[in-house]
Amino acid sequence: MTAVALKFCANLNFMFLEAGAFLDRYRAAKRAGFDGVEGPFPPAEISLEALVAVQKETGLKQILMNIALGDVPGGQLGCAALPGWESEFLVNLNRTIEYAKAVGCRKIHIMAGKLDGPATEVHDRTYLANLRVAAPILERNNIIGVIEPINKHAVPGYYLACYDKATAMITAVGSSNVKLMLDIFHCQHIRGDITNGIRALTSYIGHVQLAQVPDRNEPNTDGELNFRYLLHVLATEGRYADGWVGCEYRPVADTVKGLHWLRDFGYWQ
């Protein structure tokens, strides 16, 4: 099997926070050497025109964008699994697609939402129905929607915290425009056995993110995972189409100083 060339994009929800304002993080990522970025839907005070302008200024590729939040409960956690919020979900999806298309972004993270109690069949039905509504919209706009299991330690109560449920939902939707976000940080917390996880989940994967476990810092910091090995497995066995990996980690100190892992691992010169 031919190895995939991995490429790394900066997550602007976690990295370059020392740069200050949201758009300045784009500029900081460019100065640091990144070719791509991912992250949250822009804050309300950032217009679409301003976002397009900073992308043109920096030349950065927008690899992934989180779905717009609107006024849903739980704020940044979304509403795809929340009964009664179907209309808001659709509004948020269409708004995100508008922004994504304007900056050439081909992936949207569809967030499920946080529950006050255990997930029920009503939540399952709502989630599946919303994904089925989203799939043809995503297909028409040539965008992939990714769903991400998030571990209970990071976000207690998040609806989607299981890879079996995630893959069952993707299978039930039956669209090549709905795929899995494999965040290695969450995957280690939820199921462990990352090497076999990559092999088992590879046909579902639409995007990958990383961070060391348990402190969510740079991949070369002390922790449970050997990222030099895992990234090799991902590149050689992952059948991962575009090769982009999101750096969704909290830098130990200064973001730029912590980037030497990319050179140590041989991904940057």
Side-chain angles (χ1 to χ4, degrees), residues 7-17 19-30 34-82 85-113 130-148 150 175-181 183 206-209 241-242 244-248:
K7 301 164 288 187
F8 297 85
C9 53
N11 186 292
L12 301 184
N13 207 30
F14 284 76
M15 303 175 73
F16 300 106
L17 301 186
F22 183 72
L23 296 182
D24 287 333
R25 297 177 207 168
Y26 281 81
R27 300 180 177 102
K30 178 63 175 180
F34 282 98
D35 294 321
V37 294
E38 63 171 27
F41 190 82
E45 67 273 13
I46 304 298
S47 68
L48 178 56
E49 292 75 17
L51 183 68
V52 170
V54 80
Q55 188 200 32
K56 289 181 178 178
E57 173 192 332
T58 60
L60 289 168
K61 297 177 181 177
Q62 182 84 39
I63 305 304
L64 174 139
M65 184 181 293
N66 290 352
I67 194 168
L69 304 179
D71 298 320
V72 302
Q76 64 176 331
L77 302 172
C79 67
L82 304 185
W85 290 89
E86 292 86 349
S87 295
E88 188 75 9
F89 169 76
L90 190 57
V91 168
N92 291 343
L93 176 65
N94 285 322
R95 185 164 184 237
T96 311
I97 288 173
E98 177 189 5
Y99 274 64
K101 289 179 71 174
V103 293
C105 178
R106 295 285 307 281
K107 302 178 190 178
I108 292 174
H109 175 199
I110 298 175
M111 292 182 286
N130 278 329
L131 293 178
R132 282 175 166 163
V133 167
I137 299 172
L138 294 165
E139 183 177 355
R140 286 197 299 271
N141 289 282
N142 198 26
I143 290 173
I144 291 173
V146 291
I147 62 173
E148 177 188 24
I150 295 178
S175 169
S176 59
N177 289 80
V178 176
K179 291 184 175 292
L180 178 73
M181 173 114 76
D183 186 321
H207 192 62
V208 174
Q209 293 177 329
D242 67 5
W244 282 103
V245 178
C247 300
E248 194 183 45

Within the distance-only criterion (no hydrogens, no angle test), does the side chain of [X] pair as donor or acceptor with the backbone N or O of [Y] below 3.5 angstrom?
| X | Y | result |
| --- | --- | --- |
| N66 | F41 | no |
| R106 | N142 | yes |
| N130 | A80 | yes |
| Q55 | V103 | yes |
| K107 | V146 | no |
| E57 | G59 | no |
| E139 | N177 | no |
| K61 | G104 | no |

How far apart are the closest heavy atoms of [X] and [Y], and which atoms are they?
| X | Y | answer |
| --- | --- | --- |
| G20 | R25 | O-NE, 3.3 Å |
| L82 | G78 | CD1-O, 3.8 Å |
| C247 | F8 | SG-CB, 4.0 Å |
| L60 | G36 | CD2-N, 3.9 Å |
| P42 | M65 | CD-SD, 4.3 Å |
| I110 | G145 | CD1-CA, 4.0 Å |

Nearest 0.5 Å, please: how far is [atom2] in [Y] from [atom1] in [X]?
| X | Y | atom1 | atom2 | answer |
| --- | --- | --- | --- | --- |
| I143 | I108 | CD1 | CD1 | 4.5 Å |
| C9 | E248 | SG | CD | 10.0 Å |
| D24 | L17 | CG | CG | 12.0 Å |
| L180 | I144 | CG | CD1 | 12.0 Å |
| L131 | S175 | CG | OG | 10.0 Å |
| Q62 | L12 | CD | CG | 7.5 Å |

Checklist entry - After noting the C-alpha distance and the side-chain angles of V37 and M15, does the key distance pass the side-chain contact (heavy atoms from CB on, under 4.5 Å) rule? => result CA-CA 10 Å; V37 294; M15 303 175 73; over 6 Å; no

Item to check | Student check: side-chain heavy atoms of D35 and K7 closer than 4.5 Å | outcome: no

Checklist entry - Looking at side-chain heavy atoms only, is the closest gap between I137 and L90 below 4.5 Å? => result yes

Next on the checklist: My understanding is that only residues two or more places apart in sequence, or in another chain, count here; which of them pass ring-ring contact (aromatic ring centres under 6.0 Å, His included) with F89?
Outcome noted: none

Checklist outcome for this item: Taken in chain and number order and not counting sequence neighbours, the residues that satisfy ring-ring contact (aromatic ring centres under 6.0 Å, His included) with F14 are none

Next on the checklist: For F16, run the side chain to side chain contact (heavy atoms under 4.5 Å, CB included) check against F22, Y26, F34 and tell me which one passes.
Outcome noted: F34

Next on the checklist: If only side-chain N and O atoms count, and only distance matters, is there a donor-acceptor pair under 3.5 Å linking H207 with E38?
Outcome noted: yes

